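Just below is one structure, and these are the notes that go with it.
If you're wondering where the values come from, they're calculated on a predicted model, not measured in any experiment.
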Amino acid sequence: MQIESAHIDAEHALAAARMTGPMAEIEAIRAIATSQASLPALSVLAVVDAALARGERRSIGEWTALARDAVRCGRSDAATVQAYTAACTVRMAG
């Protein structure tokens, strides 16, 4: 029950952040990913942070969607991290 409750709380936090704006959603995803040690989500967020630092803003919706998917995937193995990081890089390039 505790895991299910944490998942529901995370979904509520994401929904609330989505209404506030993309940067709030990114920070909510970061907090959830950190608390769950979601390496795929944290790797996507590292790529997003670098893009934001360069001034890129055109694909924030796609980036947050990918980070949400990464948090929800429930895996943190190296192959999953690489797959999500590659997907984020491809989306940024396109």
Answer yes or no: is there a side-chain heavy-atom contact under 4.5 Å between [X] and [Y]?
X     : Y     : answer
Val48 : Cys88 : yes
Leu52 : Trp63 : yes
Cys73 : Thr80 : yes

What pairs of residues pass the salt bridge (Lys or Arg N to Asp or Glu O under 4.0 Å) test when at least one of them lies in residues 76-85, not counting sequence neighbours? Arg75-Asp77

Decide side-chain contact (heavy atoms from CB on, under 4.5 Å) for Ile60 and Glu25; before the verdict, give the C-alpha distance in whole Å, the side-chain angles of both, and the deciding distance to 0.1 Å. CA-CA 10 Å; Ile60 285 184; Glu25 185 175 7; over 6 Å; no

So how far is it from [X] [atom1] to [Y] [atom2], rounded to the nearest 0.5 Å?
X     : Y     : atom1 : atom2 : answer
Thr64 : Glu27 : OG1   : CD    : 12.0 Å
Tyr84 : Asp69 : OH    : CG    : 5.5 Å
Leu45 : Ile29 : CG    : CD1   : 6.5 Å

Heavy-atom closest pair, residues Glu62 and Arg91: O-NH1, 3.5 Å

State, to 0.1 Å, how close Ser76 and Pro40 come at their nearest heavy-atom pair, and which atoms those are.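 Here Ser76 and Pro40 meet closest at OG-CD, 3.6 Å.
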
Does this structure show an ion pair linking Arg30 with Asp49, if we count only N-O contacts that are shorter than 4.0 Å?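 A salt bridge is present here (some side-chain N lies under 4.0 Å from a carboxylate O).
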
